[in-house]
Every structure is written in structure tokens, then in C-alpha cells.
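Worksheet for the structure shown next.
By convention in this document, chain letters (A, B, ...) are assigned in the order of the sequence lines, proteins followed by strands, and residues within each chain are numbered from 1.
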2 protein chains.
Amino acid sequence: MRKLARATLKDVAELSGVSEISVSRVMRNTPNISSTLRKKVEQAAATLNYTPNRVAGALASKSTQLLAVIVPSMSNSVFPEVLDGIDAVLSKTAYRTVLGISHYDEQREEEIIQDLLSWNPSGIIVTGFEHTARSLDMLSRFPNPVIEIMDADGSPIDVSIGVSHQQAGILMADHLVGQGYRKIAYVGAEGERPSRSIKRRESFRKRLSELAVPLSCMQIEASDSSVLLGKQTCSDLLRKYPDTDAIYFDNDDLVVGAYMHCLQAGIDIPGQLALAGFNGLPFMDAMPMKITTIRTPRLEMGVAAAELFLARMETEKQAPAEGSKVVMPLQFILGETS
Amino acid sequence: MRKLARATLKDVAELSGVSEISVSRVMRNTPNISSTLRKKVEQAAATLNYTPNRVAGALASKSTQLLAVIVPSMSNSVFPEVLDGIDAVLSKTAYRTVLGISHYDEQREEEIIQDLLSWNPSGIIVTGFEHTARSLDMLSRFPNPVIEIMDADGSPIDVSIGVSHQQAGILMADHLVGQGYRKIAYVGAEGERPSRSIKRRESFRKRLSELAVPLSCMQIEASDSSVLLGKQTCSDLLRKYPDTDAIYFDNDDLVVGAYMHCLQAGIDIPGQLALAGFNGLPFMDAMPMKITTIRTPRLEMGVAAAELFLARMETEKQAPAEGSKVVMPLQFILGETS
DNA sequence: ATGAAAGCGCTAACAG
DNA sequence: CTGTTAGCGCTTTCAT
């Protein structure tokens, strides 16, 4: 297949005998265009197989219609779900997503922010409130919407949409103590780099202390959160601290792994050991036993973030002002494992 | 925080008393720059907080350094893993990923292709060989690398990297028949829109026939593949066809769900029923029983695709020619469930 | 090693 | 409703 140079506005203008700007107007569906003009242009565009060059358009109009999105990970299914939510909203518009993955590394995030901002995106969505000083600086200088997602415990640079991880920790502490557990352990992963995990764990621990049931032990694994890691860690932890009567896991994949361990090892749940997780991931409702967890609205956060962004773009709508913080609800799911 | 207009090359040039092009050269690290010039420019750039505008750069140089990536889904963890692989490679370079999600809809894919190509990306990665006629047309006209991933059964527009789904179907048919199963069922999902699923299923079915053990039944669910769906479908299928002695599932999440059902229902595996899946998803190694499946190299395909793309970009390296097809190996994982 | 001029392909602003 | 003119912020090409 011959690959010819792409047709430009000028080509279409010449072929249809009108000015470039008229072609531009037709392509952008600007109001007040005669149907004759439109017809001529559309035909010429079709025969030339014309596709507008968005790069040139973006430069001239100073608006890229790109939304930069930075998430920390792809292996925790939470973030693909958020991206799905964002895309579901953007796909109805001309906005596109430019992706960055920070791997829970603020330094790496800073590089990505710098790189993505050089594209002059129409907005940027970043994960969490914790960023390097330089990231913070770049983001606050950025003239377009900056949306921090996933968290609610912090002050947004511009606007934020998320859940309170501190509240999650408290809810779970109250629940476990209320159920009578007294030797409560906590298990985390990824070297606990996600700051939101730390918020949950710390408020969990603090609340336990307040309830006079201090955290009995805590195990933070270096590797990425996964079902297998949960299985291994549960086995480990029970060997070292056999009197543990409840474990709260940083993420649902861990608790599922732990559940698998207990199934295999013949550990009675919740009689011998209580189990609880976090996120309410999809596979949780397929387990033989309903597992206690706290559901986070991932898709919804993605959708809400994208919608907030669009609202900001359309001056007509009344968009949330700078500094506003949307706190989305957490859903406590009482399972049979605690 | 005051949001000042972004500094431009011109501003930096004026402040440092050199020409714009010199600033441009310093920013791009072009060879043959005196250290005095470099120092002056770098200092001016720093005080002005200058960040190059990549949109302008892309227009002038006719190269965006954007890689368009279109995947069908985010809820099947296979695709986030591919994206992770792509990002791992690109993150070391100046290339960025622009994302599109087609939801297994060729029509939607066509729209996304058109939209993304209007950005003049430096390359495009699409999933599979099946596209609308217009998509095919746009992709073959596209002057930059077009990489079709995930599949090996078809002819690439440009180049492809993937696994043979037909081979997967055959491997599993041979295995199950070899193990003595004679009432073999197949379960799929997503209305079987993924063409690769159809390839697996059809070659599975064909091979079974050749082995004189025709497929005993087949159940295709409309909803997205998930653990829960696998659990429900397994239960359903066994009710309708109680003499089934083996089920081959389109995806591992389904087989895990089925396994959960059997655990709960007290069905003996593999004595009463054999189970097998596809993909080798991470949670598979955490199950109490090792589940038979065929592992696909997802991360590796992403990495290979991104590397092939980069190789094509750097004229120095000898890049794979148009028409070349990379077939990646499938790994049969013999579990205890069959 | 550095600069001047021209232009990438489009749209804003202002006519008419 | 349509056209003219001037850029958007950068890089290419060609000088020097």
C-alpha cells in the first residue's frame, strides 16, 4: 500500500475552491455554515481522505483536549477500574487519556508530571495527595484542572475526589473489636509505599489503642500485593504468632490468599481466625464464604473525576470551585469471616 | 498561587541573550554546543521555569513521540498487564502512551483509531487482527509502525506480536482427551466478542472432533468474564448437563469461579469433574489446588511490542521489516484439576 | 558553534 | 455566512 503524505486543510481548500478557514469551520462543525459550503468541503475532504491534524489544531487553539492521568500501578485492579471509569466518560467526547504509571514512586511521578505537562494537557488527574515539592509546585502552577483522586484525607491542590482511608481504618477497628477479637494483626504489602495504606493502617492502629486492644502484630511485605502473597504471609504470620485471632489485610487480594491458606490448612473461619480486607474487589463475591471488607467506589471515582473535569472545561456548567473536595462513601461489607 | 503564562523559547532567548534556535538546541541536547552557551541558557531556563511545549515541537518536527495503544478491556487483567509492559519500556524514553479502550467493539475501535491517528502518533498498537474495513484502510495508510498484538493467527497489516490461540485450543483438547475425559464442555463469556476466544474455542472443538470426542456442550455467557460468572455458569452447566466430566473455560477468572463452586458444592476434582482455564493469571498459583491452564506472556508481549516500536524509531538498529510476525510461546501448565 | 529565515497545519480575531 | 491576516511555539534548512 502506497503511503502518501497526508492531506492538509490547504489541499481540501484548493480542491473545493473555498478558503482554509471555511474548511476548518466545517470540520469543527462551527455554527452558521451554509449547506452548500458544507457539501463542497465534505466531498473534497472525503476524496482526499482528509483527517485534521490535531497537533496543529492544538497549537493554534492552545487547547489539546488531552487529559493526563497518572496512576501508581496496573497490577492492583483498582487502577484499571478507575481508568475504565475515566474512559467511559471521555469516550463520548473528543478528549483522550495520556497515561503515566508511577509505580508508587514520588520521584518517578515527578518526572511523569513534568513530561505530561509539557504536552499542555487540558487537565491532569493524579493519585493521592502526596507528591514531591517540585511536583506540587508544577501542579499548582498548572493553569488547567488538577484532580487528585482516591483519597480524602488531605488538602487538594485544586480539587479532589476520593474516600477517607482513615475512616476505613476506624470502621474496621471498631468492627473487629466489637466482634470480640483481641489479638488483631495487620498485613500490608509493597513495602507500604502507598500512602493511603499507611493512613488506613495508622488510623486502624490508633483506634485499636483507643479501644484498649492494641495491635498485636503487623507484617509489611516488600513485594506487590497479590493473592499468592496473602496466602504466604498468612501462613507465616500464624506460625510466628499462633494466638492471632483476626487479621486485617491492606487489600482484598491478600485476604483472598489468606482465605485460601486457611481452606488448605483446615483453619476454621471465623472461629479460629477472623479475616478482613479492603476494596471490595470483584472476585470477593465468588468466594465460598463472604469475606468482610470495605468497598471503595473505583469506577465511580473515575467517572466522577472525568465528569468534574468536563464540567470545568465547559464554562456553561457551574463547575466545582478550586479547593473543593469530594468525599465518596465507603461501604462496609459484613462477611462471614469476622 | 498566581498562574502566569508559561515561558516560551523566546523568553529564554531574550533573557539569556542568545537566539531561539540556540535555546532549542540546548534543550534538545543537540551535539556541538559550547559550554558557555549551555550555561547561559540553562540558567535562564531555570529562572523562568521554562518547560518546552511539546505540541509546538511536535508540529515543527512532525514527530509527536506519542504511541497510541488500543486495548479491548480493562476488566480482564490481561490488558493492564500488557499496558504495564509497554509502559515499562517507554518510561525510559520520551515516548508517551495515549490510551483507547474499545470494549470489544470493532466499530468503537474504528472511531478510536481515527481519533488517535489525528494526533499523528509515532506508532500505534492495536489488539488482534480483526478490524473493520475502514480501520484496516486507515491503519495501512498510516506511515508509522502499526503493531497488532495478542494474536498470531492472521496476517499483520505491518507487524504483529502474539500467541497462537488455535494452538492453545488444540493443546487443551489433546490434553483433556489424553486424560480420558469424554464429556467435555466449553464455557465462554462476553457474548464471545473477542475473536481470539472464538479461535481457541473453534480449534478446540475441531480437534475434539478429530479425536472422536465431540464437544459435549458449550455455554457462552453474555456478561463480562469474571470469577463470579464462572461460579454461576459452572453451577448452571452441571445442573443442565450432569454427566459433564470436564470443562474448558475461556479465561482463568471463570475457572477459578468454577473451582469455588466445586469447593462449596463438594464436587470432587478432578475425580468427578476436570477443570481447565486460559491465561495463567496471577491468582492461579494461590489456589488450594493447582489449576490446569495455558499461560500467555502478557507482560512480555507488551514489552516486546514497545521494544519493536522503539527499534523501528531508531534507524540505526535493524528493525523487523513490514509483514513480520512474532509468535510468542504458550506455556501449558499441568495442574491437579485435570 | 551559532544565527536568520521560513514554515509545520491549524485557528483566533477581525473584517466584510 | 465567508474570507484575510497573523500568529501558536517550536524546528528545519541554510548560512556564516
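Between the P atom of D:dG3 and the CG atom of A:N32 lies a distance of 14 Å, rounded to the nearest Å. Between B:L37 atom CG and C:dG3 atom P the separation is 6 Å, expressed in whole Å. Summarising the geometry, the separation between CD on B:Q65 and C1' on D:dT11 is reported as 13 Å, rounded to the nearest angstrom.
The shortest distance between the side-chain N/O atoms of A:S22 and the OP1/OP2 oxygens of D:dT2 is not below 4.0 Å.
Checked by atom type and distance alone, the side chain of B:R108 never pairs as donor or acceptor with a backbone atom of B:P72 at under 3.5 Å. Judged purely by atom type and a 3.5 angstrom limit, B:Q65 has no side-chain atom pairing as donor or acceptor with the backbone of B:S122. Under the 3.5 Å distance criterion, the side-chain polar atoms of A:R6 are matched with a main-chain donor or acceptor of A:T51.
Under a 4.0 Å N-O distance rule, the pair A:D87/A:K92 does not qualify as a salt bridge.
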Original post:
Can you give one letter per nucleotide of nucleotides 8-16 of chain C, 5' to 3': B if a protein heavy atom sits under 4.0 Å from the base, S if only from the sugar-phosphate, - if neither?
Top reply: BBBBBBB--

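The two residues B:A68 and B:L116 have their closest heavy-atom pair at CB-CD1, 3.7 Å.
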For residues 56-63 of chain A, which side-chain donor-acceptor pairs fall under 3.5 Å, sequence neighbours excluded?
unit_1	atom_1	unit_2	atom_2	d
A:S61	OG	A:G57	O	2.8
A:S61	OG	A:S63	N	3.4

